[in-house]
A.B. asks: 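One structure, as structure tokens, below. Some questions next.
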Amino acid sequence: MPGMGGRSIMVDERKGFRLSRRLLLGAAVVGGAVLWGGTTVARLARGPSGQKNAGRIADIDGIGLPLKPLETAPAHDPSLPWSAKGGDINDASGLSMTPVYGVVEVREEDHVAKALAFARANGLKVSVAAVRHSMGGHAFDDNALVLDMRAFNKVTVDAAAKTMTLQPGACWHDIQNLLHPRFAVKAMQSTDIFSVGGSLSVNAHGMDHQSGSVASSIRSMRVMLADGSVATCAPTENAELFRHVIGGYGLFGVVLEATLDVVDNAVYRTSREIIKSDDFPKFFAEVLESNKDIGLFYGHLSTAPGNFLEDMIVYRYDKVADQPPADQSVLGEPGSVGLKRVIMNLAKWGDLFQELKWFAEKTLEPKFESCTIARTAAMAEGEACLVTRNNPMHDSVPYLFNDLVDETDILHEYFIPRAAYTPFIAEAREILRNQSLPVLNASVRIVHKEVVALNYAPEPAYSLVLYINQPTDADGNARMRALTRALIDVTTRHGGRFFLPYQLHYTGKELLASYPELPAFLAKKRQYDPAELFSSTFYRAIKTLSGIA
């Protein structure tokens with residue numbers, strides 16, 4: 001019947017239309033997901049477009065930190081090389097935006113002398129800054145004259161004496177390029193993005209578990225004091241000043257020059273193994289401490305939920321030769337930066353991505369290991385992967401820096417007496433599991449007994465280093481403050497101390513429990529600098545918390 005046939009055709013057309021619409025809808029969803037995924041991956045892989053400026057954490061333990069602007073600011077001395085007159089300055093956290101009087105770009109010693117004289121004559125405070133990776137206003141203060149030391153960076157090497165003499169603005173990355181391939185740095189952080197002056201100011205330590213901190217590698221220093229005089233100090237000369245400048249956070253003077261030991265750029269055979277975190281003290285005693293041919297060590301803890309702070313990848317570097325081959329190539333830069341940055345940023349999104357990150361670290365990372373010594377030079381080592389000392393220390397970690405707004409990544413470090421390691425890790429694990437901020441990285445280092453005045457290791461210790469993500473809003477700051485205090489409290493219960501270069505989230509009680517020598521340190525500061533010319537937000541904070549007006 002013709003009528004029925006017409007209706008059948010119309011129904012088929014409607015079905016086809018509905019089918020096409022579903023296909024279009026499905027295609028749109030899939031296409032949107034692909035587009036979103038591509039856009040998201042591109043965003044996560046993108047490097048920083050500039051300094052993160054997310055405001056200021058404006059108090060320590062409820063005490064306000066900002067100061068009133070200067071009532072009458074002096075005119076800027078035209079003979080000084082100002083890179084900024086007024087304006088704001090921040091640090092790597094993005095959470096310390098502070099108004100300053102101005103920034104002098106130091107290029108020679110005379111710039112320091114003139115800047116100090118100008119500040120003394122005009123009642124200004126002086127802060128000393130370089131790459132500003134401390135995270136609590138350590139390198140600047142409200143209304144201060146800031147000395148930017150980055151261009152004050154000359155380095156000379158004395159091959160016969162096996163030393164280098166350098167200005168404080170020199171960056172470890174550039175120093176390694178200069179020393180390679182004959183020599184290597186003796187002591188520095190595990191990454192090379194910091195300035196020498198910054199490392200001296202916090203008494204940094206790193207991957208060489210035998211050499212100890214930067215302090216152990218210093219032959220001597222020249223320091224300009226608050227009155228403009230220049231003093232030479234060393235472990236055995238003017239030792240009191242030396243103990244206060246090293247680890248003194250720029251509060252005792254401006255380091256003009258330092259002479260440090262360098263070492264041979266030894267060749268290492270790389271290896272890695274996974275152990276239980278609880279087995280680490282035994283591993284250290286039986287393997288690391290007893291074998292002087294293990295030149296570098298790094299202990300990387302799992303941050304995956306399934307074995308959080310339980311498994312540890314031990315990276316070790318066993319010496320097989322004192323010098324690399326004569327044709328050793330220049331130092332390479334980090335590879336796969338975009339991929340590593342995506343993996344790190346995805347880890348902020350929850351358990352699944354943390355497990356993915358741990359899988360990549362355990363399984364994929366070894367397949368892409370860079371072996372920098374040519375195979376012909378490694379024949380005696382069979383299929384070993386050989387590198388020079390400079391290679392693992394030459395890491396500028398570009399994958400840790402991103403262009404994600406409204407968030408930041410914060411370092412913590414806690415020093416634990418070696419006998420207390422296992423119970424401390426167990427308690428720290430529970431604290432970190434029961435809070436909401438993503439823990440992106442956790443590692444263990446070896447720390448020797450130190451003799452500096454503001455001492456983070458009065459006895460041999462292990463340190464737990466954490467890298468934690470937070471939102472930059474008030475809630476994120478509040479959560480980070482609560483977490484920091486919980487970790488400090490468990491540290492001090494086990495006889496340990498927390499590292500001071502990071503955010504100002506501690507209480508006065510916590511500060512003095514970790515650093516009972518602080519009042520003596522501050523008294524010595526006023527002895528060397530009676531007018532408190534050298535200042536910072538950090539200095540005002542610790543002085544206030546210690547009960548000193």
Side-chain angles (χ1 to χ4, degrees), residues 56-66 91-96 98 133-141 201-204 247-251 408-417 420 424 427-428 431-432 434-435 437 439 447 450 452-458 461 463-470 472 474-522 525 535-549:
R56 182 178 188 179
I57 297 174
D59 77 286
I60 182 166
D61 200 14
I63 302 165
L65 292 172
D91 57 35
S93 73
L95 293 169
S96 302
T98 300
H133 274 282
S134 292
M135 294 182 168
H138 298 71
F140 43 82
D141 198 7
S201 76
V202 303
N203 191 26
Y249 295 89
L251 298 175
T408 189
D409 303 322
I410 302 298
L411 275 166
H412 297 232
E413 186 163 6
Y414 303 93
F415 302 93
I416 308 300
F424 164 77
E427 291 189 49
I431 290 170
L432 290 163
N434 292 304
Q435 58 85 43
L437 298 176
V439 180
V447 181
E450 295 293 335
V452 299
L454 201 57
N455 195 350
Y456 55 70
S463 78
L464 175 65
V465 184
L466 302 169
Y467 196 53
I468 303 176
N469 178 256
Q470 68 155 91
T472 54
D475 177 66
N477 292 332
R479 284 188 280 161
M480 184 63 81
R481 177 164 290 189
L483 173 59
T484 303
R485 292 181 177 182
L487 290 169
I488 290 173
D489 289 343
V490 72
T491 300
T492 54
R493 279 202 306 274
H494 288 284
R497 301 186 172 200
F498 67 96
F499 208 9
L500 290 169
Y502 305 126
Q503 288 182 300
L504 308 180
H505 282 329
Y506 38 86
T507 67
K509 182 179 178 181
E510 289 171 330
L511 177 63
L512 291 171
S514 270
Y515 293 92
E517 64 272 31
L518 179 62
F521 173 87
L522 295 173
K525 151 74 175 173
S535 188
S536 64
T537 305
F538 164 74
Y539 172 61
R540 289 193 294 110
I542 61 173
K543 187 172 70 166
T544 300
L545 291 186
S546 70
I548 297 173

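In this text, all values refer to a predicted model and were calculated from it rather than measured experimentally. All values below come from the heavy atoms of this structure, side chains included, with hydrogens, waters and symmetry mates left out. Quick note: residue numbers are just sequence positions, from 1.
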A.B. asks: Taking side-chain contact (heavy atoms from CB on, under 4.5 Å) as the definition, give me every residue that meets it alongside A486, ordered by chain and number, with sequence neighbours left out.
C.D. replies: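 In terms of side-chain contact (heavy atoms from CB on, under 4.5 Å), with neighbours along the sequence ignored, A486 is linked to I431.
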
A.B. asks: Who passes ring pair (Phe, Tyr, Trp, His ring centres under 6.0 Å) against H505, sequence neighbours left out?
C.D. replies: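 Scan of H505 (ring pair (Phe, Tyr, Trp, His ring centres under 6.0 Å), adjacent residues dropped) gives none.
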
A.B. asks: Taking the side chain as everything from C-beta on, heavy atoms only, tell me whether M480 gets closer than 4.5 Å to L437.
C.D. replies: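 Of all side-chain heavy-atom pairs linking L437 with M480, at least one is under 4.5 Å.
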
A.B. asks: According to side-chain hydrogen bond (donor to acceptor under 3.5 Å, both in side chains), who are the partners of E510, at least two apart in sequence or on a separate chain?
C.D. replies: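 Here the qualifying residues are T507.
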
A.B. asks: Identify, with sequence neighbours excluded, every residue that meets ring pair (Phe, Tyr, Trp, His ring centres under 6.0 Å) alongside F538.
C.D. replies: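 If we apply the ring pair (Phe, Tyr, Trp, His ring centres under 6.0 Å) test to F538, skipping adjacent residues, the hits are H138, Y249.
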
A.B. asks: Sequence neighbours left out, what passes side-chain contact (heavy atoms from CB on, under 4.5 Å) with S201? Give chain and number order.
C.D. replies: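 None.
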
A.B. asks: Test your reading of the model: is there a side-chain donor-acceptor pair from K543 to the backbone of L522, 3.5 Å cut-off?
C.D. replies: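 No: the side chain of K543 does not pair with the backbone of L522.
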
A.B. asks: Can you give me every donor-acceptor pair (side chain of residues 492-502, partner residue at least two apart or in another chain, under 3.5 Å) with its distance?
C.D. replies:
unit_1, atom_1, unit_2, atom_2, d
T492, OG1, I488, O, 3.2
T492, OG1, D489, O, 3.1
R493, NH2, E427, OE1, 2.9
H494, NE2, E427, OE2, 2.8
R497, NE, S514, O, 2.7
R497, NH1, N455, O, 2.6
R497, NH1, S514, O, 3.2
R497, NH1, E517, OE1, 3.2
R497, NH1, E517, OE2, 2.7

A.B. asks: In chain order, what residues pass the side-chain contact (heavy atoms from CB on, under 4.5 Å) check against D59, with sequence neighbours excluded?
C.D. replies: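 Expected list: R481.
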
A.B. asks: My understanding is that only residues two or more places apart in sequence, or in another chain, count here; which of them pass side-chain hydrogen bond (donor to acceptor under 3.5 Å, both in side chains) with Y456?
C.D. replies: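 None.
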
A.B. asks: With sequence neighbours excluded, tell me which residues meet side-chain hydrogen bond (donor to acceptor under 3.5 Å, both in side chains) with R540.
C.D. replies: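 Partners of R540 under the side-chain hydrogen bond (donor to acceptor under 3.5 Å, both in side chains) test: D141, D142.
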
A.B. asks: Tell me, please, which residues at least two apart from E450 pass side-chain hydrogen bond (donor to acceptor under 3.5 Å, both in side chains).
C.D. replies: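 side-chain hydrogen bond (donor to acceptor under 3.5 Å, both in side chains) list for E450, sorted by chain: N203, S213.
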
A.B. asks: Run through D409, L483, L411 and flag the one making a side chain to side chain contact (heavy atoms under 4.5 Å, CB included) with I468.
C.D. replies: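 Going through D409, L483, L411 one by one, the side chain to side chain contact (heavy atoms under 4.5 Å, CB included) with I468 is satisfied by L483 alone.
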
A.B. asks: Among residues at least two apart in sequence or on other chains, which ones pass salt bridge (charged side-chain N to carboxylate O under 4.0 Å, His left out) with D91?
C.D. replies: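 So D91 forms no salt bridge (charged side-chain N to carboxylate O under 4.0 Å, His left out) with any residue.
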
